[in-house]
Visitor: 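Here's a structure for you.
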Amino acid sequence: MVKVITYGTYDLFHEGHYRLLQRAKALGDYLIVGVTTENFDKARGKLGVIDSLMTRIENVKKTGFADEIIIEESVGQKFSDIKKYNIDIFTVGSDWVGKFDYLKDYCKVVYLERTKNISSTMLREKKRHIQSIGIIGTGRIANRFIKEARSVSGVNTQSVYNPHPESVKRFAEQWDIDPYSDLENFYKDIDVVYIASPHETHYQYIKSSLEHDKHVLCEKPMTLKRSEAEEVFELAKEKNLILMEGIKTAYCPGFHKLLGVAHSGKIGNVRYIESCFTKLEDPNKRELVDQKFGGSFLELGSYVMLPILKIFGESYTDLKFDSVKSENGLDIFTRASFKFPTGLATATCGLGVKSEGRLLIAGTKGYILVSAPWWKTTYFEVHYEDPNEVEKYSETFLGDGLRYEINDFLMQLTERGRNDFKLTRSESISIAGAMEQFINEFRGNN
Ligand code: C2G
């Protein structure tokens, strides 16, 4: 008798799960299915699981393919199950290719092709529908997004658009998704759009996506003009669609803990903030070559302004920029100096100058220090006048962190939670306004 084992969460049970179990069963005579517990999913960084363990087991049972169902509770369990149940074949979908090769010494490992299109799911109800994502753009961030989206339950990255047929095909093959170089066709089969194209194209793509009735998650900076940001938020409101700007720090749990402490009064009234983000970039990369929309502030300014606006609010009385330029005229380092009625703030960012990427929030009783990289907040300290008095805080930050913003976006559009306070419309509009001022002044000086 050939014994086969497979594992999964099986949340919002869909055709991909069904087809996987069907083919797993066909590989042998006896199929064991391991269903993950909530704790295990949490530990392995899977977010947004909706169905209870009982419901997920019930759904696997209903298919009739499983001869035995077990629960998967810990990381090393696959290895011990293979021995315990005398397994001949371990199988899982092709989204895991290579990940379980370490089991090859103990049984045969088979990766079954994952099901690409699961939008025609059995789950028709809006809140339980698997949201199909289409990506606009094929750059580095789009690659990261796909990986991270696979750690969020309830979404399926289905297609990608880029006007150049060759590059979109290459990207799609790598991730086993559908390529489109025709925008109208791209919109046909998806629920939401993730925009990861060059900054200056965001505004048009947001408008076009909303006009096609798609919810939108757009990479930062969402737009480069205040009026454009206002316009697209208004359009989203009119059409009852979610439009969210993806500044990943805004959605990560450690940053929230930090804001909680800053607002709690622990350090008294905040009077000064200093935030810095630098990244030494290859001089041939778009960010350091694109004369019109490259440079450090357009690339990193959204991050460094975020804690300032979250803590002091948006009513600054003065904003001044100073930049260090490279030979080709782009800003390789920029300092944005803010004045607020109750304090001061400095945001610095660089692509060609390296500095300590820390965040300092100074108050009337003490200060918060978040060491680099503060934009992936995992640890911070609260210091007081007495240098021996230090409070320490830590928080998890999973993977590349994009999964938090994807999960928050999903919660908003399935109406499972209101979390738009994490990055409000007016904060996004203010950031666009600062970008606009920077571009105007910078170009004026050039
Ligand atoms: N699957 C698929 N096609 C999809 C989605 C999922 O073939 N469109 C497969 C997965 O590859 C997996 C199974 O269906 O083999 C269950 O998928 P999930 O519930 O998403 O579980 P997963 O996170 O893949 O768990 O220990 C857990 C396992 O390693 C895999």
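Both ligands and their constituent atoms are indexed starting at 1 by order of listing. Along the sequence shown, residues carry numbers from 1.
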Visitor: Using the test salt bridge (Lys or Arg N to Asp or Glu O under 4.0 Å), find all partners of Lys279 that sit at least two apart in sequence or belong to another chain.
Guide: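 In terms of salt bridge (Lys or Arg N to Asp or Glu O under 4.0 Å), with neighbours along the sequence ignored, Lys279 is linked to Glu281.
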Visitor: Among Lys46, Arg114, Arg150, His14, which one puts a heavy atom closest to atom 20 (O) of ligand 1?
Guide: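 Residue with the shortest heavy-atom distance to the ligand atom: Lys46.
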Visitor: Any N/O of Phe100 closer than 3.5 Å to an N/O of ligand 1?
Guide: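 Such a contact does not occur with ligand 1.
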Visitor: Thr9 versus ligand 1: do any nitrogen or oxygen atoms come within less than 3.5 Å of each other?
Guide: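 N/O-N/O distance below 3.5 Å exists for this pair.
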Visitor: Pick whichever of Arg44, His17, Arg23, Lys99 has a heavy atom sitting closest to atom 14 (O) of ligand 1.
Guide: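 Answer by nearest heavy atom: His17.
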Visitor: Show every donor-acceptor pair shorter than 3.5 Å between a side-chain atom in residues 164-175 and any protein atom, with sequence neighbours excluded, or say none if there are none.
Guide:
| from | atom 1 | to | atom 2 | distance (Å) |
| --- | --- | --- | --- | --- |
| Ser167 | OG | Asn162 | ND2 | 3.4 |
| Ser167 | OG | His164 | O | 3.3 |
| Trp175 | NE1 | Asn143 | OD1 | 2.8 |

Visitor: Using a 3.5 Å cut-off on N or O atoms only, is Asp95 in polar contact with ligand 1?
Guide: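 It does: an N or O of Asp95 is found under 3.5 Å from an N or O of ligand 1.
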Visitor: For atom 4 (C) of ligand 1, which of the options Thr157, Thr115, Asp41, Asp176 provides the nearest non-hydrogen atom?
Guide: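 The option holding the nearest heavy atom is Thr115.
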Visitor: Please say whether Thr6 places an N or O atom under 3.5 Å from an N or O atom belonging to ligand 1.
Guide: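 Min N/O separation from ligand 1 is not below 3.5 Å for Thr6.
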Visitor: Is any side-chain heavy atom of Leu359 less than 4.5 Å from a side-chain heavy atom of Phe380?
Guide: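 Side-chain contact under 4.5 Å: no.
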Visitor: How about Tyr187 and Tyr180: are their ring centroids closer than 6.0 Å?
Guide: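 Not close enough - the centres of the two rings lie 6.0 Å or further apart.
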Visitor: Please determine if Lys3 and Asp67 form a salt bridge, counting it only when a charged side-chain N lies under 4.0 Å from a carboxylate O.
Guide: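 No, this pair does not count.
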